[in-house]
Amino acid sequence: MTRFEWQRSSYTAANNTCVEVRTVNGLVELRESDDGDVIMRTTPIKFAKFLQGVKDGEFDHHADFTG
């Protein structure tokens, strides 16, 4: 997989409703797989800080773990 290819979590399995991520021109891009026209861009440092918050459970109250 190249850095320009969209990557999705292995947790999505066959489900196509997920967030995808890639790196292009030094920026991290995120999009929803079912709405690929909307792309959010951020720096690798900001993305790393966000991921750390996710790993620490800071955003769990936003998630639905039933599906």
Side-chain angles (χ1 to χ4, degrees):
M1 174 180 296
T2 69
R3 294 167 53 118
F4 301 111
E5 293 178 37
W6 289 104
Q7 179 183 2
R8 58 177 69 166
S9 169
S10 60
Y11 289 101
T12 61
N15 187 345
N16 284 332
T17 56
C18 61
V19 175
E20 299 174 320
V21 64
R22 70 179 181 179
T23 302
V24 176
N25 296 326
L27 293 176
V28 177
E29 296 185 338
L30 295 113
R31 72 177 184 182
E32 292 190 28
S33 59
D34 59 346
D35 189 9
D37 294 335
V38 177
I39 297 174
M40 187 192 85
R41 292 174 182 87
T42 190
T43 66
I45 290 174
K46 289 178 183 176
F47 186 62
K49 290 179 181 182
F50 173 75
L51 287 179
Q52 189 61 53
V54 169
K55 290 176 184 178
D56 289 344
E58 292 181 31
F59 305 103
D60 286 357
H61 62 284
H62 294 290
D64 177 359
F65 293 103
T66 61

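Every heavy atom of this structure was used, including side-chain atoms; hydrogens, water molecules and symmetry mates were not. By convention here, the first residue in the shown sequence is residue 1. Remember, predicted model here, so these are calculated numbers, not experimental data.
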Name each donor-acceptor pair under 3.5 Å that joins a side chain in residues 42-51 to protein atoms two or more places apart or in another chain, with its distance.
{"unit_1": "Thr43", "atom_1": "OG1", "unit_2": "Lys46", "atom_2": "N", "d": "3.1"}

Exercise. What pairs with Asp60 under side chain to side chain contact (heavy atoms under 4.5 Å, CB included), at least two apart in sequence or on another chain?
Worked result: Phe65

For this session: Give a yes or no on whether Met40 and Val19 share a hydrophobic cluster (residues Ile, Leu, Val, Met, Phe, Trp, Tyr; joining criterion: side-chain heavy atoms under 4.5 Å apart).
Result: yes

Problem set entry | Closest non-hydrogen atom pair, Val24 against Phe4 | CG2-CD2, 3.7 Å

Problem set entry | Pairs touching residues 18-38 that satisfy salt bridge (charged side-chain N to carboxylate O under 4.0 Å, His left out), sequence neighbours left out | Arg8-Glu20, Glu20-Arg31, Arg22-Glu29, Glu29-Arg41

